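Working notes, beginning with the structure itself.
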Amino acid sequence: MTETLVILLAGMALAWPLGLYLARLMRGTPMRIDILFHWIEKPLYRVLGVDPAHSMSWRGYVLAFLLSNLVLAVLTQAVFMTQAWLPFNPDNIPNLRWDTALHTMVSFLTNTNQQHYSGQAQLSYLSQMTGITGLQVITPMMGLALAVATLRALFAKAPAATTADTHTPVRVTVGNYYADVVRLCLRFLLPLCLLWALLLTWQGVPSTLAAGPQATPIDASAGMATQKIPLGPVAAMVAAKQLGANGGGWYGPNSSVPLENPTPLSNALELVGIVLIPIAIIFMIGRFTGRRKFAALVFGCMLGMSLLSTFASLWSEGHGATAASALLMEGKETRFGADGTALWATLTTQVQNGSVNGMQDSMSPLTGLVSLVNMLVSAIWGGIGCGLQQFLVYLLMAVFLAGLMTGRTPELFGRKLETPQVRLLAVLVLLQPITLLGLTALTLALPGLAGTSNPGFHGISQVFYEFTSAYANNGSGFEGLADNTLWWNLSCALVLALGRFPVLIIPLVIACQLAAKRQAPQSAGSLQIETPTFALTLVCVIVVLTVLQFMPALVLGPVADHLSLTLQGA
């Protein structure tokens, strides 16, 4: 419990000044560091052929976002499929199979980092540094750029009163996509990654381009004369994976490997890194939009859900009906204990990070249930950018439902929510259950597709968790699936894309549609969203849209698994 409070308080204390800096950065406020970065940014803008002062419409912003993703996709796929012939491959690792390369590319392009490969054994240093670590820096900043553009539109100044009379369409601009991403990468995430990489290297995380050494196993009965210890520029990737809400590990078992997470201090640094930027984004909202009460609403809802989720996991692992079973320590990191593993599992699914310091498959069933709910919500802190976008979807749904219940026209900040906006919201609300439940049912119905290592209820949890993790941009998994197959690679690649692009783009479109409307003055009859009552309503809407609509799947999976273990113990 003490560790939980220390990590959350440390994350909030560091996130506060970081959020204020982020607000100034995205508002374009002149700062002393401008001189330092201009000489790097100006050549980049010339190469890209863009004018950073030119503000785009939402269509131009989204088109630039999709185009940049397409270019990165082609380059990354090429690196994965030709790595055997490229430099920085001292271990002579062969090329990835096409479907594994496709899934890996889509996974890291969508800031999910779901891994159907074992990093140290199947990727060269060049692939790890470019296709993996490079995307771990760029893609979270792409998501944050979309979220910032949405805030610009949502809190844009109202159009002139003559607009409605002349029927002249209002052009809403949301900033320059390329300028936003470049500034966020160079001035925000890369300096943080450099600092975290130095701290992790100080703690013993490898940071080298040399090939790994050969060691002689102590146990001669293992049948190996020597064993190769895989090394590489691990510290840089670990810093990017934690700070960027990525999660993919240099090593297959991720941060449970002592080389990737060697000490209690490195464990704490990585935990703080997981929550740092998502919390900083919430602190950014108040200064960036000028509405601190709105930022307090977002922070209060997220903090409340975070504490409830974290304490539920700690209770399940330490005091639940299955906590006394010695089998539950299988797959957990004994250096940190059950509580330390449960804390990591909870925070990493709250933040859509996906890294682990123990196997999710080894958690008690109820802890697995909490992790699933965290990912279904996708807005308990959430990922970088996409978490805020998902929260805005819940906010708009709560405004719509509250307006209907009170007999008022649903409106947000004086702008009415009408049929076009509600239809777009319905797409996002329905897309999640159709995708997750449909593919889970299909996988379980066709023999041989699932490849689960556990029969019965736990096998259902494994399949449902894999698709949920992909859709939530999380990337963690109930290990035990034979997931490096054609079915899993292609189906998860589809889910990864569906869980990323609509969630980022549709809220921006809705915000721009609202910004084009004339703003009605606030009155006593206006819906006040910056209140505890509305915050409670919002949380209830989140529960209905996630927990209740997925209740049958949760009952058939982790709940039934828990009950079966409890009855066996009795």
Side-chain angles (χ1 to χ4, degrees), residues 72-110 112-139 197 200-201 205-217 222-241 244 246-262 354-356 451 475 477 479 481-486 488-490 492-493 496:
L72 288 174
V74 172
L75 293 176
T76 304
Q77 183 78 1
V79 169
F80 289 157
M81 295 189 67
T82 61
Q83 64 178 3
W85 311 316
L86 297 176
F88 298 108
N89 187 13
D91 297 324
N92 298 315
I93 294 175
N95 300 328
L96 281 182
R97 200 175 69 228
W98 75 268
D99 58 306
T100 306
L102 176 65
H103 173 268
T104 305
M105 178 272 292
V106 176
S107 179
F108 283 82
L109 188 69
T110 56
T112 307
N113 295 206
Q114 187 180 56
Q115 294 175 290
H116 288 175
Y117 68 94
S118 188
Q120 78 280 9
Q122 292 179 267
L123 288 183
S124 68
Y125 288 1
L126 182 67
S127 293
Q128 295 269 36
M129 290 188 294
T130 58
I132 302 301
T133 309
L135 291 182
Q136 286 179 331
V137 172
I138 298 172
T139 58
L200 291 171
T201 302
V205 179
S207 187
T208 178
L209 292 175
Q214 298 282 348
T216 302
M224 296 185 298
T226 61
Q227 179 183 5
K228 188 175 183 63
I229 307 299
L231 299 179
V234 183
M237 180 186 178
V238 174
K241 83 168 184 178
N246 294 289
W250 184 281
Y251 301 100
N254 214 278
S255 287
S256 63
V257 177
L259 286 172
E260 197 165 306
N261 186 13
S355 64
V356 295
E479 295 309 318
L481 284 177
D483 52 20
N484 191 17
T485 63
L486 188 64
W488 277 117
N489 285 333
L490 296 184
C492 284
L496 288 163

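What you are looking at is a predicted structure, and each value in this text was computed from that prediction instead of being measured.
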- Query: Considering the options V234, V238, L200, which one meets the side chain to side chain contact (heavy atoms under 4.5 Å, CB included) requirement together with P206?
  - Reply: V234
- Item | Minimum heavy-atom distance V137-A240, with the two atoms named | CG2-CB, 4.2 Å
- Note on the structure: For N261, the side-chain hydrogen bond (donor to acceptor under 3.5 Å, both in side chains) test, sequence neighbours excluded, returns S266, N267
- Item | Nearest atoms (heavy-atom pairs only) where A235 meets S207 | CB-CB, 4.3 Å
- Message: Do P213 and L231 have side chains that approach each other closer than 4.5 Å (heavy atoms only, starting at C-beta)?
- Response: yes
- Query: Hey, does L259 have a side-chain heavy atom less than 4.5 Å from the side chain of Y251?
  - Reply: yes
- Can you check side chain to side chain donor-acceptor pair (under 3.5 Å) on K241 and T133, steps first, answer last? CA-CA 8 Å; K241 83 168 184 178; T133 309; over 6 Å; no
- Item | Gap between atom OG1 of T139 and atom CG of L72 - 0.5 Å precision | 8.5 Å
- Message: Could you report the tightest heavy-atom contact between I229 and A215, atom names first, then the distance?
- Response: CG1-CB, 4.2 Å
- Kindly indicate whether the side chain of L109, heavy atoms from C-beta on, has any atom under 4.5 Å from the side chain of L496. no
- Task: Kindly say whether L96 contributes a backbone atom to a donor-acceptor pair with the side chain of T100 at under 3.5 angstrom?
- Result: no
- Item | Note, Q122 side chain near N484 side chain (heavy atom, < 4.5 Å) | yes
- Query: For T112, what residues pass the side-chain hydrogen bond (donor to acceptor under 3.5 Å, both in side chains) criterion, not counting sequence neighbours?
  - Reply: T110, N473
- Donor-acceptor contact present, side-chain S107 to main-chain Q114, <3.5 Å: yes
- Looking only at atom types and distance, does a side-chain atom of Q115 sit under 3.5 Å from a main-chain N or O of G475, one as donor and one as acceptor? no
- Listed once per pair and sorted, the salt bridge (Lys or Arg N to Asp or Glu O under 4.0 Å) pairs that draw on residues 78-98, sequence neighbours left out: D91-K228, R97-D99
- Task: Looking only at non-hydrogen atoms, find the nearest pair between N254 and G249 and report the distance.
- Result: ND2-N, 3.1 Å
- Task: Any chance you could measure Y117, atom OH, to T104, atom OG1, to the nearest 0.5 Å?
- Result: 6.0 Å
- Tell me, do I132 and L123 make a side-chain contact under 4.5 Å, heavy atoms counted? yes
- Task: With sequence neighbours left out, write down each residue that passes side-chain hydrogen bond (donor to acceptor under 3.5 Å, both in side chains) with Y125, or none if nothing qualifies.
- Result: none
- Under 4.5 Å between any side-chain heavy atoms of N489 and L102, yes or no? no
- Nearest-0.5 Å distance that lies between atom CE in M237 and atom CD in Q136: 4.5 Å
- Qualifying ring-ring contact (aromatic ring centres under 6.0 Å, His included) pairs, either residue in residues 75-105, two or more places apart: H103-H116
- Quick one: does P233's side chain get under 4.5 Å of L209's, heavy atoms only? yes
- Task: Could you tell me whether the side chains of Q83 and S127 share a donor-acceptor contact shorter than 3.5 Å?
- Result: yes
- Query: What's the spacing between Q128 CD and L126 CG if we round to 0.5 Å?
  - Reply: 10.5 Å
- Sequence neighbours left out, what passes salt bridge (Lys or Arg N to Asp or Glu O under 4.0 Å) with D483? Give chain and number order. none
